[in-house]
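Structure record follows, encoded as structure tokens.
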Amino acid sequence: MKTLIEPFKIKMVEQIKQTTPKQRHQILKKAHYNLFSIRAEDILLDFLTDSGTGAMSDRQWGAIMVGDEAYAGSRSFFKFEEAVRTITGFKHIIPTHQGRAAERILFSLTVKKGLRVPNNTHFDTTRANIEYNGGEAVNLVIPEGKIPSLVHPFKGNMDVGRLAELLERHHARVPLGMITITNNSGGGQPVSMANIRETSRLYKKYGVPFFIDACRFAENAYFIKLREPGYQDKALVDIAREMFSYADGCTMSAKKDGLVNMGGFLALNDDNLAMNARNMLILTEGFPSYGGLAGRDLEALAVGLEEVLQEDYLRYRIRTAEYMGERLLAAGISIIRPTGGHAVYIDAKDFYPGIPAEQLPGQVLVCELYQRCGIRSVEIGTVMFGKKNPKTGQTVPAPMELVRLAFPRRVSTQSHFDYAVEAIIDTFRDRDRARGMKIVWEPPFLRHFTAHFAPLD
Ligand SMILES: *Cc1c(COP(=O)(O)O)cnc(C)c1O
């Protein structure tokens, strides 16, 4: 059979609200053209993020009912601990309420002023937690990873040449090294096993502990099976185990490949660091057998970690993004290629060649897709990363103007994606009629969340 079907059937449904373009025009205006300010119930298809937005299975909901809510030594904790250890092999498993809590604990114990932490590409919260502790977050993704149209099987790979150079010169100032799988901020691109192995070898050579940012470890494992010679016949859980075997620990946001709506963990082998991490955990997250989560959350996460490595799930998951990408490319729309694991990124600069970066082409596209078809996406361009020149007051554009459609796990059907493709292609056909936008108010930092916009006359 050529048709790939969703590898699940629907047992419970949630209604989505239909609105008219006229209603959406009013809603958008009231929200000052910022999609973060729109109520989720006024959105038809919400592709804002894949974080914490997935659907749990009947097995996960069943596990929720048997959660053990004991303060200390809960049965659910041991189930969770075993699930994480089966996949990662790490000695100490510390639950946290989400990924950034694991990052905060790890970096507050290891990073100080003047220290540097290399990674392929640091995620925003990872970078922020390193910088908050006075450190410097260094990105060392391969050059291919920065060219949107260039096709490469593992665009998330670490540039091991540059890593070796950095370690050779500064290893005394590197308290730990990382790699992010898949490379979220670089388009959800995978990292090869060979690259993880080589990165690990370099860190070991200089005595630098190696931590994996493992948020999308299952999607990364599937890409390795698909694209790396020698892995075609391996079980996904074995591929995952091999990836983690090269590291000394990991941070994880279970809101991604944990298939839960909230949760995370820090896992590591070093006894002393683990003891300090647990003490820090008690200070702000909770006792080490729950770490800010309920017993039922730990139950659902234990099941999620098992389900996320099912091959038919990952085949459908990765193919969904690929299918959408193929259809957009066939219509002449530029996207980041190849499509990654969790999202499709449209090149808004190419979509609207008549709208310069100063007039926020990504924001124009995000607003158009909502106004015309009720889809929520997110701008990753000058609104998010542009800077103001303090002297002239002029906007310094971001290197790329992207619009990301991120896909919640197990939530949408094939026809939802077909609808989204039709909506984007329709918007593309009408691109000559689109006008630029301007920012009319902005806060001092992280402006994309709350800024007000207006269409140019
Ligand atoms: C989401 C994410 C995080 C942070 O996790 P939260 O659960 O949102 O705190 C860290 N790293 C990467 C790569 C992520 O995608």
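We number each residue from 1, following the sequence as shown.
With a 4.5 Å cut-off on side-chain heavy atoms, Val138 and Asn119 do not count as touching. Considering only heavy atoms from C-beta on, Met56 comes within 4.5 Å of Ile64 through its side chain. At least one side-chain heavy atom of Leu176 sits less than 4.5 Å from a side-chain heavy atom of Val111. Leu305 is listed as a side-chain neighbour of Val84, based on a closest heavy-atom distance under 4.5 Å.
Counted within 6.0 Å of CZ on Arg296, heavy atoms from surrounding residues, nucleotides or ligands total 12 or fewer; the atom is thus considered open. More than 12 heavy-atom neighbours from other residues, nucleotides or ligands sit within 6.0 angstrom of CZ on Arg278. Under a cut-off of 6.0 angstrom, the local environment of CZ in Phe36 is crowded, with over 12 non-hydrogen atoms contributed by other residues, nucleotides or ligands.
Taking the six-membered ring where the residue is Trp, Phe417 and Phe47 present parallel rings, their angle staying beneath 30° rather than reaching 60°. Ring planes of Phe80 and Phe77: tilted class, angle from 30 to 60°.
Contact check on Arg116 versus Glu136 returns a salt bridge, with a Lys/Arg side-chain nitrogen under 4.0 Å from an Asp/Glu carboxylate oxygen. Ion pairing of Arg201 with Glu198 is present here, as a side-chain N (NZ or NE/NH1/NH2) and a carboxylate O approach within less than 4.0 Å. Contact check on Lys91 versus Asp270 returns no salt bridge, with no Lys/Arg side-chain nitrogen under 4.0 Å from an Asp/Glu carboxylate oxygen. Between Glu307 and Arg409, no side-chain nitrogen of the basic residue sits less than 4.0 Å from a carboxylate oxygen of the acidic one, so the salt-bridge criterion is not met. Between Arg216 and Asp257 there is no salt bridge, since no side-chain N of the basic residue sits under 4.0 Å from a carboxylate O of the acidic one. The pair Glu326-Arg319 meets the salt-bridge criterion, with a side-chain N (NZ, NE, NH1 or NH2) lying under 4.0 Å from an Asp/Glu carboxylate O. Under a 4.0 Å N-O distance rule, the pair Glu311/Lys225 qualifies as a salt bridge.
Taking the ring axis of Tyr231 as reference, the NZ or CZ atom of Lys234 stays within 45° of it and closer than 6.0 Å to the ring centre. Taking the ring axis of Phe265 as reference, the NZ or CZ atom of Lys255 does not stay both within 45° of it and closer than 6.0 Å to the ring centre.
For the residue pair Glu6/Thr413, the side-chain donor-acceptor check at 3.5 Å is not satisfied. Under the 3.5 Å distance criterion, with hydrogens and angles disregarded, a donor-acceptor pair is assigned to the side chains of Asp271 and His92. For Asn133 and Ser108, the side-chain atoms include no donor-acceptor pair closer than 3.5 Å. Between the side chains of Tyr352 and Arg431, no donor-acceptor pair of N or O atoms lies under 3.5 Å. Under 3.5 Å, the side chains of His122 and Asp213 contain no donor-acceptor pair of N or O atoms. A side-chain donor from one of Glu285 and His97 sits under 3.5 Å from a side-chain acceptor of the other. A donor-acceptor contact closer than 3.5 angstrom links the side chains of Glu401 and Thr382. In the model, Thr427 has no side-chain atom that pairs as donor or acceptor with a side-chain atom of Glu368 under 3.5 Å. Tyr206 and Glu168 share a donor-acceptor pair across their side chains, judged by distance under 3.5 Å alone. Gln189 and Thr182 share no side-chain donor-acceptor pair at under 3.5 Å. No side-chain donor from either of Ser334 and Asp347 sits under 3.5 Å from a side-chain acceptor of the other.
Here the straight-line distance linking atom CG of Asn184 with atom OG of Ser51 works out to 9.0 Å at 0.5 Å rounding. Leu44 CG to Leu369 CG: the interatomic distance, rounded to the nearest 0.5 Å, is 12.5 Å. With rounding to the nearest 0.5 angstrom, the CD1 atom of Ile10 is 12.5 Å from the CZ atom of Arg410. Here CD1 of Ile94 is found 12.0 Å from OG of Ser289. Values are rounded to the nearest 0.5 Å. Taking CD of Glu306 as the start and CD of Glu82 as the end, the distance is 10.0 Å to the nearest 0.5 Å. Distance check: Ser57 OG to Lys11 NZ gives 9.0 Å after rounding to the nearest 0.5 Å.
Looking at Thr395, its side chain never comes within 3.5 Å of a backbone N or O of Pro397 through a donor-acceptor pair. Proximity of a side-chain donor or acceptor of Asn195 to a complementary backbone N or O of Ser192 within less than 3.5 Å is not detected. Using a distance-only test at 3.5 Å, with no hydrogens or angles considered, no donor-acceptor pair links the side chain of Asp297 to the main chain of Leu293.
Phe428 has its ring centre less than 6.0 Å from the ring centre of Phe351. Aromatic rings from Phe8 and Tyr313 are positioned such that their centres are separated by 6.0 Å or more.
Checking each of Thr86, Leu236, Ile87 against Arg241 for a side chain to side chain contact (heavy atoms under 4.5 Å, CB included) leaves exactly one that passes, namely Thr86.
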